[in-house]
Amino acid sequence: MGDNFEAGTLPEATNFIEQIINEDIATGKLRPEQVQTRFPPEPNGYLHIGHAKSMFVNFGTAAKYGGKCNLFFDDTNPSKEKTEFVDAIRADIRWLGYEWARECYASDFFTPIYEYAEQLIQTGKAFVCDLSAEEIKNTRGTLTEPGVESPYRNRTVEENLKLFREMRAGKYADGEKCLRAKIDMASPNVNMRDPVIYRILHASHHRTGDAWCIYPMYDYAHPICDYLQGVTHSLCTLEFEDHRPLYDWVGQTLGFSPKPRQIEFARLNITNTVMSKRYLKKLVEEGKVHGWDDPRMPTLSGLRNRGIPAAAVRDFCSRIGIAKAQSECEYSYFEACVREYLNAHAERAMGIVDPLPLTVVNHEGEEELDFDKNPTDEGAGVRKVTFGKHLFIERSDFSLDPPPKYFRLKKDGVVRLKNAYIVRCEGWNTDAAGNVTEVLCSYIPESRSGSDTSGVKAKGVIQWVNADACVPAEVRKYESLLRDAEYGGQDFSERMNENSEHIFLGCAEPYLAEAAEGAPFQLLRTGYYKTCREKGGLVLSEIVSLKDNFNKK
RNA sequence: UGGGGUGUAGCCAAGCGGUAAGGCACCGGAUUUUGAUUCCGGCAUUUCGUAAGUUCGAAUCUUGCCACCCCAGCCA
């Protein structure tokens, strides 16, 4: 990781963030290896693919300059945060393939953050306010009108200090008082209208327990934590642009040098994919999914369980770019990255989801055939596959009433059994209801893969497994995904495509299957998948419905 | 109606005064023992939200206008 560049030269900037950093380096503010970032999740849920972009930006930028990136848990609100989430976050970062220089928490800095608050009070830059939350709201003004100053704004330093210490000592109830920065109630930027920087919260913190009953607000704590960690460039998403003046105010007022610099970029959005922790949490809590790592979830652990390689996620992040324009990627872009990676790296296996017995009437005994594990990679090697008289093929690969351009097995037709022989349909058996229960075929001995001298042309190639030697597999079936705007109402439903029947959380790959032993493998039948999607535009939750849908037309 | 941002193809996105990169998607065609892959070709040329202006020359500079996003938590 990290591009190499000669000492004294700057790496080529590939996005606006790197341009800014290059300028900072060029103007002597810092040396490349001093670049430091941080990935700052709040431990109140699992990481999702949107976080993957943030990690790519933060870890990637630091690596590019030979600098460092910390893992920083933003745990300033004990009412929402849990240790379970910090463990899961750590695991997901490692799975994605990133390593942090240092792991720290906002709570590590509670003491200095508190001391800085006293410093603000001493210098007359903060005051204890007795207004209720409601009153503060009512005096903040509106977007077009200035706010009015708190009647407590001009308390003496001594009184403020006394009150603040009493707040810390637990003398007051939640919401009874708060500490506010003294900035400008008439600022056109609402964030600067004497923002609350400390609130009273008699809640147990997942790390500090009951040591504190006052907790700093994000806007106040973040610049301090950045500074104390040595962060030089604090990369965050666009919605914090309005907060940058406050970020800078804290740094300047407290005399930080060098002062960390906040740079904002657009967060990741993907069509039809819910990227809101709030809704994901709701799905989990209401039991609509099996958990945060349900394969239908856009969480990193969900993607992992879906069989999506971390490298593909990283590749996706690198290809979508980093910019400030609000945007929404098509899901197909992500799929392309996954397919590309899987095609190059995934070992191929034949699998049958809906088995139909096929008997090779003129074949006796068994024989071993070589099967390339990955035809795009010579080094992948081969596996032995046993061919015999009794096979299974996919039910949908045989048709008595084939649609036009049906290349697979049909009445009186031939098809190649992948990597084995060409077979000709000789007949079939049905049950009382007329359903096909068995296909009878003859094989052409001269058509063996790799040494075909038969001269017979088979347009179609289908998968098969040996009925006597195959490993039982189980395709995990999931209920089709959310069907209406039940979750999240309007916001959620707005994410629906006009054409899609289901809202989905991103589950669409047909190559999810799970072996009985629990080892996931991929069925890389992207052809079916594409075809199906073009025809129906449906969101598919598992392989069976995918193939059924394919057969419909 | 205040402030902060953003507008380049269906979707991402380069471009930073010298005559519109690349990827995804899509459309042709070739090869193919995965209808996959691979490969070739096409895909903004009265055009860079729009209207004027500066300039030999503008997506790039100036001005006006339009559209969209974010902000009035003791959330992050």
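Residue numbering restarts at 1 for every chain, and letters A, B, ... go by the order of the sequence lines. The figures that follow rest on heavy atoms only: side chains count, while hydrogens, waters and symmetry mates do not.
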Taking only the side-chain nitrogens and oxygens of Ser327(A), find out if one of them lies under 4.0 Å from OP1 or OP2 of A13(B). yes
Contact class for Glu145(A) vs. all strands (heavy atom < 4.0 Å): base, sugar-phosphate, or nothing? nothing
Between G7(B) and G49(B), how far is it from one C1' atom to the other, in whole Å? 6 Å
Which part of the nucleic acid, if any, lies within contact of Ile322(A), taking any heavy atom under 4.0 Å across all strands shown: a base, the sugar-phosphate backbone alone, or nothing? sugar-phosphate
Across all strands shown, which nucleotide pairs with C75(B) by Watson-Crick or G-U wobble geometry, both distances under 3.5 Å? none
Describe the nucleic acid contact of Lys459(A) in one word from base, sugar-phosphate, nothing, applying a heavy-atom distance below 4.0 Å. nothing
Over all strands shown, is Pro40(A) touching base, sugar-phosphate only, or nothing at heavy-atom distances under 4.0 angstrom? nothing
Hey, does Ile320(A) reach any base, or is it just sugar-phosphate, or nothing, if we go heavy atoms under 4.0 Å? sugar-phosphate
Distance between C1' atoms of U62(B) and C69(B) (Å, rounded): 26 Å
Base, sugar-phosphate alone, or nothing: which one does Ala133(A) contact when heavy atoms must sit under 4.0 Å apart? base
Lys/Arg-Asp/Glu bridge criterion (N-O < 4.0 Å) met for Lys277(A), Glu42(A): no
C1'-based separation of A36(B) from A76(B) [nearest Å]: 44 Å
How do Glu81(A) and Ala420(A) order along RNA chain B: which one's closest nucleotide is nearer the 5' end? Ala420(A)
5' priority, RNA chain B, between Thr76(A) and Tyr333(A) [closest heavy atom]: Tyr333(A)
For U38(B), give its Watson-Crick or G-U wobble partner with both distances under 3.5 Å, or none. A30(B)
What nucleic acid atoms does Thr139(A) come within less than 4.0 Å of, heavy atoms only: base, sugar-phosphate, or nothing? nothing
Tell me which nucleotide, if any, is Watson-Crick or G-U wobble paired with G7(B) when both distances must be under 3.5 Å. C66(B)
Between C70(B) and G29(B) - P atom distance, rounded Å: 45 Å
Pair of N/O donor and acceptor under 3.5 Å linking G4(B) base with Asn189(A) side chain: no
For the C1' atoms, the ones on C16(B) and on C61(B), what distance do you get once it is rounded to whole angstrom? 11 Å
Considering only side-chain heavy atoms of Asp242(A), which listed nucleotide, C24(B), C75(B), C70(B), is closest? C70(B)
When you look at Phe398(A) and Val415(A), which way does the side chain to side chain contact (heavy atoms under 4.5 Å, CB included) test go after all the steps? CA-CA 10 Å; Phe398(A) 176 68; Val415(A) 75; over 6 Å; no
Quick one, Arg267(A) with Lys53(A), criterion side chain to side chain contact (heavy atoms under 4.5 Å, CB included). Give me CA distance, side-chain angles, the key distance, then yes/no. CA-CA 8 Å; Arg267(A) 70 186 318 141; Lys53(A) 177 177 181 179; over 6 Å; no
Within the structure, does a side-chain N or O atom of Arg140(A) lie under 4.0 Å from either OP1 or OP2 of G73(B)? yes
Base, sugar-phosphate or nothing for Arg416(A)? Non-hydrogen atoms, less than 4.0 Å. base
Pairwise P distance for C40(B) and G22(B), with rounding to whole Å: 14 Å
Go through the side-chain N and O atoms of Tyr105(A) and Glu81(A) and say whether any donor and acceptor fall under 3.5 Å apart. no
Could you tell me whether Arg193(A) and Asp184(A) make a salt bridge, using a distance below 4.0 angstrom between a side-chain N and a carboxylate O? no
Could you measure between the two C1' atoms, the one in G15(B) and the one in U31(B), and give it in whole Å? 37 Å
Taking the same atom, C1', in A58(B) and in C43(B), what whole-Å distance lies between them? 26 Å
Can you find a donor-acceptor pair, distance only, under 3.5 Å between Glu330(A) side chain and G10(B) base? yes
Reckon Tyr215(A) touches a base, only the sugar-phosphate, or nothing at all at heavy-atom distances under 4.0 Å? nothing
Among Ile21(A), Asp24(A), Asp226(A), exactly one meets side-chain contact (heavy atoms from CB on, under 4.5 Å) together with Arg261(A). Which residue is that? Asp24(A)
